Amino acid sequence: MKRVNPDSLGHWRKTWYASDVDQELDGKEITVLGWVQEIRDLGALKFIILQDRSGTVQITIPTKKVDREVLERTSLLQTQYCIGVKGIVKKTKISKRGVEIIPSEIRILGKAQHPLPLDMTRKTPATVDTRLNARILDLCQEENRAIWRIQHTILAAFRRFLSKAGFIEVFTPRIISTATEGGAALFSVDYFGQEAYLAQSPQLYKEELTLCFEKVFEVGPFFRAEESHTRRHLSEFISIDIEQAFVTADDVMELLEKVLEYTCKTVIENLQPELMILKHEISPPSLPLKRFTYTQILDELKKEGLKIDWGEDIPTPAYRSLGKLHPYFYFITEWPTKSKPFYIESKDSNPEVSEGFDLMWKWMELASGGTRVHSKDVLVERLKRQGLNPDSFRHHLQVFDYGLPPHAGWAAGLERLLMMLTGKLNIREVVLFPRDRTRLTP
RNA sequence: GCCCUGGUAGUAUAGUCCGGUCUAGUAUAAGCGGCUGUCGCCCGCUCGACCCGGGUUCAAAUCCCGGCCAGGGCGCCA
């Protein structure tokens, strides 16, 4: 690192984002603030590519024409330095963007220690692991900014759609007591000497809330202590949950496909530049989405040579085959009751078959939901059958004595939606600071 | 947790099968010098690496064992 103290920002404020500097500004004095992405030094002529959250703009320094202060500052610059440039915009036919800035003053606002852990010019791409170890630097890449603008848009679309549909956003506890839903492994927490756990889903709370609010949704992180080693699982993930009173699985499936369509359309309509950066094309789902029963899926798999007995779970390789047969969104319905959680209602006509469903995208599960059990006796029975102690659920069961309405809901994985919308194949790439079996930092 | 594959400069790779001119090659980044229109600029020079521990051998980046880490797959994922 060259010996230089950072300049102060003083009264400098950004007058333009890099990508907004265009030929219309020809001859105007502007201030841009950002980072040195690249320096191309041709001797008596130097080019600095300045990058900010919007994109890049070229600073051109004809060394014989600019003043000495600018030259001195320029000679100190290295890539990734945070700088401010005040200068005159010049229209040009030679530069690719058709515009450049001739600086009258340069301020160094933040230095960078070289060598950096990543090649910021991206001439030598790094592996996902290396990028995650230097995540903040990695996130400066244009492609990453595109991913998080898409995430922001997904969340905004979900919230807008659900709010319009009359849902209100709620927050349920992340710290819970021993009494849980069973199943997935939980992370334990020392809660003032008491044993506590990190929530794996808001399931029971959101069901209870239908009693007072009827329509609720929640967006937030949940935790699963599974030893998973795949590119679609995380220890900490963001779940988008809804729960609604006085409806069944069919109703919330319709809601799910509509919000999905709305979200996809919103991204396609508003974020073409981002999708271009990611070199990813998406088409919105055409409604209604196909619905296959679990039994139909088994038949299809059988034709593919994959024999699964009725009642068994579908193994990953079988899902991959399904993805090839159905390269789009589709529902799988009428799962065996025993392969679904205790709170999923079974059919009146056949207790072996449930009203639970999964929303699939190719081979990957994006969301799952169903009609919920709303008879206390049935729920107690189901708890027992899954080896859980009803006494641990007494607070939840009590709500059934307060007039719990029939209800249904679903949960969608935000990161998996993002994978679908960005074309990324490793879930870690679409999480700012992913947590998995071995990664706890940064 | 299991299986497969891998771990070489800041980054990404060649070399490993078949141990010995490997004094470890290349690209890129970084440093220095040169160049007035670059836009993955160009040219020259320089810096910089065999994951850790043990073993076999005259000799280990290379073979063996253990560990750690990574990638993929499987399982788990109510």
Side-chain angles (χ1 to χ4, degrees), chain A residues 1-2 37-50 56-66 75 78-80 90 92-100 102 112-134 137-138 180-186 199-201 203-204 222-235 237 239 313-320 335 337-344 354 356 358 364-365 368-370 372-373 382-383 385-388 393 411 413 416 425-428 436-439:
Chain A
M1 185 155 41
K2 295 183 182 174
Q37 189 190 56
E38 214 173 337
I39 302 166
R40 287 192 283 268
D41 185 347
L42 275 67
L45 186 65
K46 300 178 201 298
F47 302 100
I48 295 163
I49 308 304
L50 180 136
T56 59
V57 67
Q58 177 171 290
I59 317 295
T60 303
I61 301 151
T63 53
K64 285 171 188 161
K65 291 178 192 161
V66 297
S75 68
Q78 292 180 286
T79 51
Q80 200 50 36
K90 199 179 138 197
T92 165
K93 281 179 183 154
I94 313 159
S95 172
K96 270 189 180 169
R97 278 271 314 282
V99 68
E100 60 191 5
I102 312 296
Q113 173 76 60
H114 282 84
L116 296 166
L118 296 174
D119 175 0
M120 298 306 285
T121 66
R122 278 227 155 169
K123 288 169 194 165
T124 309
T127 61
V128 173
D129 194 49
T130 304
R131 288 170 44 205
L132 291 177
N133 285 333
L137 265 188
D138 180 50
T180 63
E181 305 154 38
L186 298 164
Q200 53 161 278
S201 103
Q203 185 60 35
L204 304 185
F222 290 97
F223 308 88
R224 294 190 182 175
E226 299 294 342
E227 304 246 21
S228 298
H229 187 127
T230 76
R231 49 194 163 96
R232 63 188 190 286
H233 287 96
L234 293 166
S235 305
F237 67 101
S239 182
D313 281 333
I314 297 172
T316 307
Y319 274 118
R320 291 186 194 273
W335 285 82
T337 303
K338 69 170 184 182
S339 71
K340 282 286 168 191
F342 63 85
Y343 49 78
I344 293 288
S354 78
D358 285 353
M364 194 165 61
E365 181 191 323
S368 70
R372 318 302 192 187
V373 173
R382 289 283 296 279
L383 280 169
R385 217 189 301 167
Q386 300 211 0
L388 297 164
F393 294 83
R416 291 186 180 182
L425 299 175
N426 187 333
I427 200 164
R428 284 161 259 246
D436 62 34
R437 177 65 190 82
T438 52
R439 181 176 286 280

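Chain letters run A, B, ... following the sequence lines, proteins first and then strands; every chain starts at 1. Owing to the predicted nature of the structure, the values given are computational and were not obtained by experimental measurement.
In the set B:rC41, B:rG75, B:rA70, the nucleotide with an atom closest to the side chain of A:Thr438 is B:rA70. The side chain of A:Gln78 approaches B:rA30 more closely than any other nucleotide in the set B:rG37, B:rA29, B:rA30. Side-chain atoms of A:Ile94 lie closest to B:rG37 of the nucleotides B:rG31, B:rU36, B:rG37. Listed nucleotides: B:rU36, B:rC39, B:rG75. Nearest to the side chain of A:Lys64: B:rU36. Here B:rC41 is the nucleotide among B:rG37, B:rU36, B:rC41 with the atom lying nearest to any side-chain atom of A:Arg40.
Using a 4.0 Å heavy-atom criterion, one finds that A:Arg97 contacts no nucleic acid atom at all. In this structure, A:Arg437 reaches the sugar-phosphate backbone alone: every heavy-atom distance under 4.0 Å involves primed, P, OP1 or OP2 atoms, never a base. Using a 4.0 Å heavy-atom criterion, one finds that A:Asp41 contacts the bases of the nucleic acid, with or without backbone contacts as well. At the heavy-atom level, A:Lys340 lies under 4.0 Å from the strands shown only through sugar-phosphate atoms. Note on A:Gln80: nothing from the nucleic acid sits closer than 4.0 angstrom, heavy atoms only.
A:Ile314 has its CD1 atom 14 Å from the P atom of B:rC74, to the nearest Å. Between A:Leu186 atom CG and B:rC76 atom P there is a gap of 18 Å when expressed in whole angstrom units. Put simply, CG on A:Asp129 is 14 Å from C1' on B:rG72, counting in whole angstrom units. Distance CD (A:Gln203) to P (B:rA78): 11 Å, rounded to an integer number of Å. Distance CD1 (A:Ile39) to C1' (B:rC32): 15 Å, rounded to an integer number of Å. Taking atom CZ on A:Phe47 and atom P on B:rC39, their separation rounds to 9 Å, with Å as the unit. Here the C1' atom of nucleotide B:rC35 and the CD1 atom of A:Ile61 are 16 Å apart, to the nearest Å. Rounded to a whole Å, the CD1 atom of A:Ile49 is 10 Å from the P atom of B:rG40.
Within the structure, every side-chain polar atom (N or O) of A:Arg224 is placed at least 4.0 Å from both OP1 and OP2 of B:rC77. Residue A:Lys123 places none of its side-chain N or O atoms closer than 4.0 Å to OP1 or OP2 of B:rC39. OP1 or OP2 of B:rG73 has at least one side-chain nitrogen or oxygen of A:Arg320 nearer than 4.0 Å. The side chain of A:Asn133 places no N or O atom within less than 4.0 Å of a non-bridging phosphate oxygen (OP1 or OP2) of B:rC69.
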Hey, what are the protein-to-nucleotides 47-53 of chain B N/O distances that come in under 3.5 Å?
none

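Of the possible donor and acceptor atoms, one in the side chain of A:Arg416 sits under 3.5 Å from a partner among the backbone N and O of A:Glu365. In this structure, the side chain of A:Arg224 engages the main chain of A:Gln200 through a donor-acceptor pair within 3.5 Å. The backbone N or O of A:Leu118 lies less than 3.5 Å from no partner atom in the side chain of A:Arg131, so there is not a single donor-acceptor pair. No side-chain donor-acceptor contact under 3.5 Å links A:Ser354 to the backbone of A:Thr337. Side chain of A:Thr92 to backbone of A:Ile94: a donor-acceptor contact under 3.5 angstrom is found.
Comparing A:Lys65 and A:Glu38 against RNA chain B, the residue whose closest nucleotide sits nearer the 5' end is A:Lys65. Each of A:Leu425 and A:Ser228 has a nearest nucleotide on RNA chain B; the 5'-most of these lies closest to A:Leu425.
Across the P atoms, B:rC52 and B:rG44 are found 34 Å apart, a figure rounded to whole Å. Nucleotides B:rA29 and B:rG73, compared at atom P, are 33 Å apart to the nearest Å. B:rG75 and B:rC4 have their C1' atoms separated by 15 Å, with the value rounded to a whole Å. If you take atom P in B:rG40 and the same atom in B:rA30, they sit 16 Å apart, rounded to whole Å. Straight-line distance between the C1' atoms of B:rU21 and B:rA27: roughly 24 Å, to the nearest whole Å. The separation of B:rG53 from B:rU46, taken at their C1' atoms, amounts to 35 Å, rounded to a whole angstrom. Nucleotides B:rC50 and B:rU13, compared at atom C1', are 13 Å apart to the nearest Å. Between the P atoms of B:rC18 and B:rU62, the separation comes to 14 Å (whole Å).
Under the side chain to side chain contact (heavy atoms under 4.5 Å, CB included) criterion, A:Asp313 pairs with A:Ser339, not counting sequence neighbours. For A:Arg437, the side chain to side chain contact (heavy atoms under 4.5 Å, CB included) criterion is met by A:Glu227, not counting sequence neighbours. Applying the side chain to side chain contact (heavy atoms under 4.5 Å, CB included) criterion to A:Asp436, with sequence neighbours excluded, gives A:Arg428, A:Thr438, A:Arg439. Scored by the side chain to side chain donor-acceptor pair (under 3.5 Å) test, A:Gln80 finds no partners at all (sequence neighbours excluded).
Pairing of B:rG44, defined by two Watson-Crick or G-U wobble distances under 3.5 Å, is identified with B:rC32. With a 3.5 Å ceiling on both atom-pair distances, B:rU21 lacks any Watson-Crick or G-U wobble partner. Using Watson-Crick or G-U wobble geometry with both donor-acceptor distances under 3.5 Å, B:rG6 finds its partner in B:rC69. Across all strands shown, B:rC76 has no partner, as no Watson-Crick or G-U wobble contact with both distances under 3.5 Å is found.
Evaluated for a side chain to side chain contact (heavy atoms under 4.5 Å, CB included) with A:Gln58, the options A:Glu38, A:Lys96, A:Arg40 yield exactly one hit, A:Arg40.
With hydrogens and angles ignored, no donor-acceptor pair under 3.5 angstrom links the side chain of A:Thr79 to the base of B:rA29.
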Determine whether A:Leu137 and A:Met120 satisfy the following criterion, side chain to side chain contact (heavy atoms under 4.5 Å, CB included), listing intermediate values before the conclusion. CA-CA 8 Å; A:Leu137 265 188; A:Met120 298 306 285; 3.8 Å; yes
Produce a footprint string for nucleotides 4-14 of chain B: one letter per nucleotide, 5' end first; B if the base is under 4.0 Å from any protein heavy atom, S if only the sugar-phosphate is, - if neither. ------BBS--
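Taking the side chain as every heavy atom from C-beta outward, A:Asn133 and A:Pro117 never approach each other to under 4.5 Å.
Taking the six-membered ring for Trp and the full ring otherwise, A:Phe393 and A:Phe342 have centroids separated by under 6.0 Å.
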